[in-house]
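Just so you know, residue 1 is the first one in the sequence shown, and it goes up from there.
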Amino acid sequence: MSGCEARDAKKLVRSPSGLRMVPEHRSARSPFGLDEPPWVPDKECPRCMQCDTKFDFITRKHHCRRCGKCFCDKCCSKKVPLPRMCFVDPVRQCAECALISQKETEFYDKQLKVLMNGATFFVTLGTSDKAELMVCRLSNNQRYLVLDGNSHYEIEIVQISTVQILTEGFTPGGGNTRAIGMILQYKVPGTEELTQMKFTASEDFNSNKKMSASWLAAMHKATKLLYESRDQ
C-alpha cells in the first residue's frame, strides 16, 4: 500500500446512529464532512420536539441522526442517505434535515464526480499576464484542488476563502448565462497571505467548453457547501 493509499484508508465503525465508513486518519477527512451531533438526552425530551406529542409506552422517541433532536415516529420516519457523516445506509432523520440531506445527495452523487474527473483551463497566477494550460481536479480524498501542467499546484480546499464564477451571455432581459471561468483566492499555509488564481475555459473544442462549464458549476456548489459547513 502506497503512502497516499495508507493515508486515505477507511474503516467501518458502529456508532449509536448506525454504521459509518470513516477515514482511519482524521487528517484525511473530507472538508465537506460533518461530525455526528450529540443526541438530546432522553430525560430532557418528554415530548416530541416537533409536534409536542407526549412520549409513552406506545409513542416511542427517535433521534434525528443529523441534528440529534428527539421526535416521535411520525415526525422522524424518513430514512435518507447522509454521506456527509459517512453513513453506509440511509438513516432516520426529521423532515427538515431529510430535505437538506436529499439536496446534498445530488452533490455527492454527481458534482463530486465531475470535480474529481477534472477539466482543462488556462490558469493565471496572481497579477501575471501569462496563462498556463492546466488540468484541474479535486483529489480523491476531496481535500485538495490539484492543478497539473508544466507547473503543479495543490491547494487545500479549506484554505480557499473566495470563489467568483465568471460568466458570459447575460442580456438585459435576463437571458441564459454560461460559466467561462472563475477567480479564487486562497491562503498560503502558515501565513495570512492571500494568493489569487484566475481560471479561463479553453475555447479549442465545444466539448471542452461543456466540460469546463459543468466543472465550474460543480465547484460553485462545492464552495457553497463548504462555507455552510464552516457556519455549522
Side-chain angles (χ1 to χ4, degrees), residues 1-10 21-23 25 27-34 81-88 101-125 131-169 176-186 195-229:
M1 182 181 292
S2 69
C4 289
E5 290 173 332
R7 187 176 63 248
D8 296 340
K10 296 184 177 181
M21 185 65 75
V22 301
H25 303 283
S27 60
R29 176 183 169 181
S30 167
F32 304 108
L34 293 175
L82 187 45
R84 294 190 72 183
M85 290 184 190
C86 303
F87 283 110
V88 174
S101 295
Q102 285 170 340
K103 291 180 179 179
E104 291 174 352
T105 296
E106 187 270 344
F107 170 77
Y108 272 81
D109 287 347
K110 180 180 178 181
Q111 309 301 336
L112 275 180
K113 293 177 182 178
V114 170
L115 290 173
M116 288 189 282
N117 285 338
T120 302
F121 297 91
F122 285 106
V123 179
T124 306
L125 181 63
E132 180 179 343
L133 190 63
M134 307 188 82
V135 175
C136 308
R137 63 178 180 84
L138 187 67
S139 64
N140 290 336
N141 62 12
Q142 305 163 13
R143 293 185 61 85
Y144 296 92
L145 185 60
V146 181
L147 290 74
D148 278 310
N150 291 331
S151 306
H152 176 83
Y153 299 96
E154 292 187 8
I155 302 170
E156 194 169 5
I157 292 295
V158 295
Q159 298 297 334
I160 296 176
S161 57
T162 61
V163 172
Q164 177 188 353
I165 301 299
L166 306 176
T167 61
E168 69 174 9
N176 292 331
T177 60
R178 179 171 64 91
I180 59 170
M182 73 175 178
I183 296 174
L184 67 79
Q185 291 184 320
Y186 65 95
T195 297
Q196 178 173 294
M197 276 188 172
K198 181 179 180 180
F199 297 67
T200 306
S202 170
E203 297 291 331
D204 293 344
F205 303 100
N206 286 332
S207 59
N208 283 348
K209 292 181 183 179
K210 185 176 180 180
M211 185 180 298
S212 298
S214 297
W215 193 92
L216 290 167
M219 187 65 183
H220 176 67
K221 292 179 180 179
T223 51
K224 182 180 179 181
L225 193 63
L226 182 63
Y227 298 150
E228 290 173 353
S229 299

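- Across Met21 and Val88, no two heavy atoms sit closer than the pair N-CG2, 4.0 Å.
- Judged as a salt bridge (charged side-chain N to carboxylate O under 4.0 Å, His left out), the pairs with a partner in residues 142-156 (not counting sequence neighbours) are, in order, Arg143-Glu156.
- Shown here are the side-chain hydrogen bond (donor to acceptor under 3.5 Å, both in side chains) partners of Thr195, two or more places apart in sequence or in another chain: there are none.
- Residues that satisfy the ring-ring contact (aromatic ring centres under 6.0 Å, His included) test with Phe107, not counting sequence neighbours, are Phe32.
- In this structure, the side-chain contact (heavy atoms from CB on, under 4.5 Å) partners of Val135, at least two apart in sequence or on a different chain, are Thr120.
- In this structure, the side-chain contact (heavy atoms from CB on, under 4.5 Å) partners of Val123, at least two apart in sequence or on a different chain, are Phe121, Met134, Cys136, Leu147, Met197, Phe199.
- Side-chain contact between Lys198 and Leu166 is present, with heavy atoms from C-beta onward closer than 4.5 Å.
- The minimum heavy-atom distance between Leu216 and Ile165, with the atom names listed, is O-CD1, 3.8 Å.
- Partners of Ser214 under the side-chain contact (heavy atoms from CB on, under 4.5 Å) rule, at least two apart in sequence or in another chain, are Val114.
- Evaluation of the side-chain hydrogen bond (donor to acceptor under 3.5 Å, both in side chains) rule for Thr105 yields no partner, not counting sequence neighbours.
- With a 4.5 Å cut-off on side-chain heavy atoms, Leu145 and Tyr186 do not count as touching.
- The list of salt bridge (charged side-chain N to carboxylate O under 4.0 Å, His left out) pairs with a residue in residues 108-123, not counting sequence neighbours, is empty.
- Every residue two or more places apart in sequence or in another chain that forms a side-chain contact (heavy atoms from CB on, under 4.5 Å) with Ala131 is listed here: Phe122, Thr124.
- For Gln111 against Ala218, the heavy-atom pair with the smallest separation is OE1-CB, 3.2 Å.
- Taken to the nearest 0.5 Å, the CG atom of Leu184 stands 5.5 Å off from the CD1 atom of Ile155.
- Side chain of Thr200 to backbone of Gly181: no donor-acceptor contact under 3.5 angstrom is found.
- Smallest separation of non-hydrogen atoms from Met182 and Trp215: CE-CZ3, 3.7 Å.
- The structure places CD of Gln164 at 12.0 Å from OG1 of Thr223, a figure rounded to the nearest 0.5 Å.
- In this view, Glu132 and Ser151 satisfy the side-chain hydrogen bond (donor to acceptor under 3.5 Å, both in side chains) rule, not counting sequence neighbours.
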Exercise for the section: Would you sort out whether Val163 and His220 count as a side-chain contact (heavy atoms from CB on, under 4.5 Å), showing the intermediate values? Expected result: CA-CA 7 Å; Val163 172; His220 176 67; 5.7 Å; no
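- Neither side chain, Gln185 nor Ser161, offers a donor N or O lying under 3.5 Å from an acceptor on the other.
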